[in-house]
Structures are given as C-alpha cells and as structure tokens.
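Everything below concerns the one structure shown next.
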Amino acid sequence: MAASHRGQPADDAARLIEKYFATVRRVCGAHLSRHHDIEDAIQETFVQFLLADRSRIVNPEAWLVTVAARACGHVHRRRYAHPEVGLFE
C-alpha cells in the first residue's frame, strides 16, 4: 500500500498535484516575473499541500490557489528584505 499522510494516500496527493500543477503555475506566473521566483513559489505551495491535513481540504483547487498567492507574497517579501546587488555595482 502507498505511504500516507494523515489518512490520505500518497498517490492521491500525487494525482492532485498533477491535476492542479498548471493552475498553480498560472497563479504564480501572474504574481511573479522571474522564472526562479515562480518555481520557488510553486515548490512552496506544494510542500505546504503535502504537509497539510488534506482530509480537511474541501476544495483542493481553491486551497492551492490561495496558498500559491500567499507563497508569491512570501517571495516578494524575501526579495525586498534581501535585495539582490549586481556583481559590478
């Protein structure tokens, strides 16, 4: 049997991640412009999904969209807290 987390099989989580990956990517792409920032926000979203009590998530798509938007905010805050400095500046 597949590994589980709080009662939800891992293959069910993988199925939902595959199903909603493009949606999460679109949300992150709408909020962020840098490819690596988008990837960071996507990863943060799905890590939170895997750690969440998925038995309490009624609408996975809505949950993922909300968490993705918040993850984008986290990326923005990190960027402004630690701005990048050019190599020759």
Side-chain angles (χ1 to χ4, degrees):
M1 181 165 190
S4 64
H5 178 73
R6 298 185 186 172
Q8 292 292 323
D11 56 341
D12 186 44
R15 181 185 59 78
L16 290 171
I17 290 169
E18 184 177 337
K19 181 176 181 178
Y20 296 117
F21 188 86
T23 301
V24 170
R25 179 177 282 286
R26 276 192 303 276
V27 169
C28 295
H31 288 275
L32 301 166
S33 58
R34 296 180 181 190
H35 175 75
H36 61 273
D37 289 341
I38 293 168
E39 294 299 319
D40 286 349
I42 292 168
Q43 183 177 31
E44 183 177 332
T45 300
F46 286 116
V47 166
Q48 288 186 40
F49 179 69
L50 292 172
L51 296 175
D53 181 359
R54 292 185 301 278
S55 67
R56 297 180 54 117
I57 299 173
V58 177
N59 184 337
E61 183 177 25
W63 190 95
L64 286 165
V65 166
T66 300
V67 172
R70 289 179 184 159
C72 291
H74 297 160
V75 170
H76 278 295
R77 280 189 290 285
R78 281 193 300 266
R79 176 149 320 281
Y80 287 112
H82 306 285
E84 295 178 357
V85 178
L87 187 60
F88 299 105
E89 291 182 17

Taking all heavy atoms of [X] and all of [Y], pick out the closest pair and write down the distance.
X	Y	value
Arg77	Arg70	NH2-O, 4.4 Å
Cys72	Cys28	SG-CA, 3.6 Å
Ile38	Gly29	CD1-CA, 3.8 Å
Ala52	Ile57	CB-CD1, 4.2 Å

Problem - Cluster check Val65, Val67: I/L/V/M/F/W/Y, side chain < 4.5 angstrom - result: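 Result: no, two separate clusters.
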Problem - Shared hydrophobic cluster, Val27 / Phe46 (ILVMFWY, side-chain heavy atoms < 4.5 Å) - result: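 No, no single cluster joins them.
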Rounded to the nearest 0.5 Å, what separates atom [atom1] in [X] from atom [atom2] in [Y]?
X	Y	atom1	atom2	result
Leu50	Ile17	CG	CD1	4.0 Å
Leu64	Phe21	CG	CZ	11.5 Å
Arg54	Leu16	CZ	CG	8.0 Å

Exercise for the section: For residues His76 and Leu32, determine if any side-chain heavy atom of one lies less than 4.5 Å from a side-chain heavy atom of the other. Expected result: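 Side chain of His76 against side chain of Leu32, heavy atoms only: contact under 4.5 Å found.
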Exercise for the section: Check whether any side-chain heavy atom of Trp63 sits under 4.5 Å from a side-chain heavy atom of Arg56, and report yes or no. Expected result: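 Trp63 vs Arg56: side chains apart.
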Problem - Listed partners of Glu39 passing side-chain contact (heavy atoms from CB on, under 4.5 Å), at least two apart - result: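 Expected list: Arg25, His35, Ile42.
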Practice task
List in chain and number order the residues that pass side chain to side chain donor-acceptor pair (under 3.5 Å) with Thr66, two or more places apart in sequence or in another chain; answer none if no residue qualifies.
Solution key: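 Residues passing side chain to side chain donor-acceptor pair (under 3.5 Å) with Thr66: none at all.
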Handout entry: Full working for side-chain contact (heavy atoms from CB on, under 4.5 Å) between Arg15 and Asp12
Key = CA-CA 5 Å; Arg15 181 185 59 78; Asp12 186 44; 2.7 Å; yes
Practice task
Name all residues meeting the ring pair (Phe, Tyr, Trp, His ring centres under 6.0 Å) criterion together with Tyr20; count only those two or more places apart in sequence or in a different chain, and write none if there are none.
Solution key: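 Listed in chain order: nothing, the list is empty.
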